[in-house]
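Treat the numbers as computed from the prediction; the structure is a model and nothing was measured. Residue numbers start at 1 and run along the sequence shown. Worth knowing before you read on, the calculation uses all heavy atoms, side chains too, and leaves out hydrogens, waters and symmetry mates. Just so you know, ligand 1 is whichever comes first in the structure, and atom 1 is the first atom listed for that ligand.
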Amino acid sequence: MAPQQRSVYWQLLPFLKPQWSLFSWSFVCIVGYVLATVMLPYLAGQVTYFISQGQVSNIARWLGFTTLAFLIQNLFQYGEKVFSIRASLAAVLELRKKVYAHLHQLNIDYFASAKTGDLSYRLTEDIDRIGEVIYKMSQQFISCIFQLIAIPIYMFYLNWPLTLAGFLIAPLMAWLIGSFGNRMLALSRRSQNEISNLSSLLTEVLGNIRVVKAFAADEYEVSRFSAIADKNRTAKYRTEHLTAIQYPVVGFLEAVGIMFLFLLGGWQIALGRLQPQEFVSFLVAVALLIDPINLSTQHYNAFKQTEASAERVFELFAEKPTLRDRPDAQALPPITGKVEYRDISFAYDSGKPVFNQLSLLVHPGDVIALVGPSGAGKTTLVNLLARFYDPHLGEVLVDGIDIREVTLRSLRRQIGIVPQETTLFSGTIAQNIAYGQTTLDYDAIKIAAQVANAHDFIQQFSQGYHTWVGERGVNLSGGQRQRIAIARAILLNPRILILDEATSALDSESEALVQEALERAMENRTVFVIAHRLSTVRKANRILFIENGQIAESGTHCELLEQQGRYEQFYAQQFKE
Ligand SMILES: Nc1ncnc2c1ncn2[C@@H]1O[C@H](COP(=O)(O)OP(=O)(O)OP(=O)(O)O)[C@@H](O)[C@H]1O
């Protein structure tokens with residue numbers, strides 16, 4: 001079989017291997033369980049025989065043996081369940097951690113196109129299904145298969161013509177189960193996609209509920225939701241409908257098979273080729289086969305259905321990060337904050353060049369304001385510095401070191417970023433300020449908050465720095481959130497600071513507090529600020545007017561006004577009240 005046609009389940013092997021000892025113990029218990037189970041028909045035959053002879057003491061003795069067989073069978077069943085659930089949960093935990101860590105390695109571009117709801121569905125529901133299948137396969141399915149092998153062997157030993165006749169129906173059932181399974185996989189793929197579409201829509205719409213409300217788009221959204229939910233219902237119904245057909249068909253065939261056996265058994269007894277107690281043993285063996293047959297049908301279905309989930313999870317591993325640490329990458333030593341862009345050319349995947357041989361030298365402590373029309377490349381310029389992307393030509397150097405030669409972590413830890421919109425994660429204010437740090441230094445957090453003008457408002461909450469924010473936490477105003485973001489950047493004490501000034505207007509008091517916090521944050525650091533405020537451009541050491549992939553003009557506010565070039569025009573439009 002060609003590797004690409006291999007079942008996706010093969011890719012689970014590396015996650016199952018470390019659990020081999022637990023799986024082995026489970027296997028031992030399964031063998032014990034099946035052996036104890038195979039004893040039962042024989043014991044039932046013996047009990048029947050002594051009942052027919054009226055030998056009470058023998059009846060009691062054989063019933064005692066039967067009870068013991070049941071006890072052993074149940075103890076082994078407990079063992080197989082416990083060992084295999086432990087192994088499956090451990091394997092799934094490893095898989096989930098690996099997928100999540102892998103997602104964090106992917107380029108930032110991947111997340112621009114991927115749907116968050118879909119990703120979270122893959123990491124939760126899909127992986128849970130895989131876990132269930134591993135459990136069912138490693139425990140129940142293997143046990144069923146062993147029973148389906150061991151019990152018929154015993155039946156052959158009892159009376160082979162009867163067994164052979166009884167199993168005429170088996171290939172037909174196997175074929176039926178197989179064809180149901182393939183159809184089930186196709187339907188299940190569709191159903192899974194519909195559920196993940198629903199989850200993506202919910203994440204997108206509920207996450208942007210302000211926009212929905214502002215555009216009075218609630219009816220539009222409800223109808224969009226209804227359409228996808230309806231597709232989801234149809235897909236689910238088709239899967240369940242197939243199951244609804246499958247069980248009665250397989251069940252009916254089983255019933256016909258059993259009737260057929262009674263007929264043959266009666267005939268064999270009449271011919272004197274079979275003892276009545278042997279026929280009882282035979283019937284008990286057949287009864288013991290019903291559960292494994294039914295369960296293996298169910299498990300086969302689950303196995304096929306979950307193949308779609310496994311495909312969706314392993315698809316994520318197929319996404320490869322292009323932006324990663326080189327094998328020989330070293331940690332960036334503490335920097336002074338000198339930045340150089342050397343002959344940079346860069347284009348996004350769309351192919352349209354953003355920069356063409358751009359060069360720029362920034363000295364430690366310089367405050368650089370990036371100004372220019374929308375889409376000129378201001379954000380891209382700082383994205384290249386934080387290495388969210390690599391330039392196609394040229395290099396970005398920090399303190400003379402090409403940033404591709406150092407680890408991403410050591411680079412980003414020395415660059416503070418204050419974005420336009422502050423994201424607060426679920427947690428306390430202190431945890432949000434110290435975002436990404438595992439141990440909290442409350443003194444340092446407090447100092448950072450003081451510099452960022454956040455300490456006073458934080459103190460006003462009854463729980464201070466322990467106040468819960470983010471989802472289900474207190475609501476912070478736009479200005480307060482910005483000051484938390486500033487404190488977050490200050491706490492890292494970075495030599496390079498990137499500020500993306502918020503365009504949304506704050507009230508004048510809040511504005512003044514944010515402005516003051518920013519000015520303090522900028523002190524003694526190299527700062528790149530995507531400027532939207534007049535006060536910022538005035539204070540910058542240098543303004544870069546970016547246009548058409550180039551630094552069209554460069555100088556202080558006064559110098560550029562005197563030049564009466566593009567900046568002067570832009571200034572007249574954008575900044576003058
Ligand atoms: N992830 C992306 N994928 C493809 N193209 C992108 C991406 N991000 C930005 N661009 C394009 O690159 C160009 C520069 O974008 P950039 O965001 O750097 O501009 P900007 O000057 O920061 O704009 P604004 O002031 O509007 O934020 C634009 O043409 C934009 O459409």
- Query: For atom 30 (C) of ligand 1, is the nearest protein heavy atom under 4.0 Å away?
  - Reply: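 No, no protein heavy atom sits under 4.0 Å from atom 30 (C) of ligand 1.
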- From atom 8 (N) of ligand 1, is the closest protein heavy-atom distance below 4.0 Å?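 Yes, because at least one protein heavy atom sits under 4.0 Å from atom 8 (N) of ligand 1.
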- Task: Nearest heavy atom to atom 1 (N) of ligand 1 wins, so pick from L370, V382, D109.
- Result: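 Selected option, by shortest heavy-atom distance: D109.
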Check: [X] ring centroid to [Y] ring centroid under 6.0 Å:
{"X": "Y442", "Y": "H466", "answer": "yes"}
{"X": "F355", "Y": "Y341", "answer": "no"}
{"X": "F570", "Y": "Y567", "answer": "no"}

Got a salt bridge between [X] and [Y], using NZ or NE/NH1/NH2 to carboxylate O under 4.0 Å?
{"X": "K231", "Y": "E194", "answer": "no"}
{"X": "E547", "Y": "R566", "answer": "yes"}
{"X": "E132", "Y": "R129", "answer": "no"}

For [atom], the protein heavy atom that lies nearest, with its residue and separation:
{"atom": "atom 26 (O) of ligand 1", "answer": "S374 OG, 2.6 Å"}
{"atom": "atom 28 (C) of ligand 1", "answer": "G375 O, 3.5 Å"}
{"atom": "atom 18 (O) of ligand 1", "answer": "T380 OG1, 2.4 Å"}
{"atom": "atom 25 (O) of ligand 1", "answer": "K378 NZ, 2.9 Å"}
{"atom": "atom 4 (C) of ligand 1", "answer": "Y348 CB, 3.2 Å"}

- Query: Does T526 reach the side chain of K338, with side-chain heavy atoms less than 4.5 Å apart?
  - Reply: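 T526 vs K338: side chains apart.
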- Name of the residue among V529, T379, V382 meeting side-chain contact (heavy atoms from CB on, under 4.5 Å) with L370: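 Result: among V529, T379, V382, V382 is the only option passing the side-chain contact (heavy atoms from CB on, under 4.5 Å) with L370.
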- Mark yes when over 12 heavy atoms from residues, nucleotides or ligands other than K446 sit less than 6.0 Å from its NZ; otherwise mark no.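 No, because the 6.0 Å sphere around NZ of K446 holds 12 heavy atoms or fewer from other groups.
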Below a 4.0 angstrom heavy-atom separation, can you tell me which part of [X], side chain or backbone, both or neither, approaches ligand 1?
{"X": "F346", "result": "neither"}
{"X": "L381", "result": "neither"}
{"X": "T379", "result": "both"}

- Query: Is the closest heavy atom of F388 to ligand 1 under 4.0 Å?
  - Reply: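 Contact absent.
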- Would you say A376 contacts ligand 1, with heavy atoms under 4.0 Å as the rule?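 Distance cut 4.0 Å: A376 passes for ligand 1.
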- Taking atom types as modelled and ignoring hydrogens, do the side chains of Q357 and D343 form a donor-acceptor contact shorter than 3.5 angstrom?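 Not at all, the side chains of Q357 and D343 share no donor-acceptor pair under 3.5 Å.
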- Give the atoms of ligand 1, by number and element, whose distance to some non-hydrogen atom of G377 is under 4.0 Å.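 So the answer, numbered in order with elements, is 14 (C), 16 (P), 18 (O), 19 (O), 20 (P), 21 (O).
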- Query: With atoms numbered from 1 as shown, which atoms in ligand 1 lie under 4.0 angstrom from a non-hydrogen atom of Y389?
  - Reply: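 Numbered from 1, ligand 1 contributes 1 (N).
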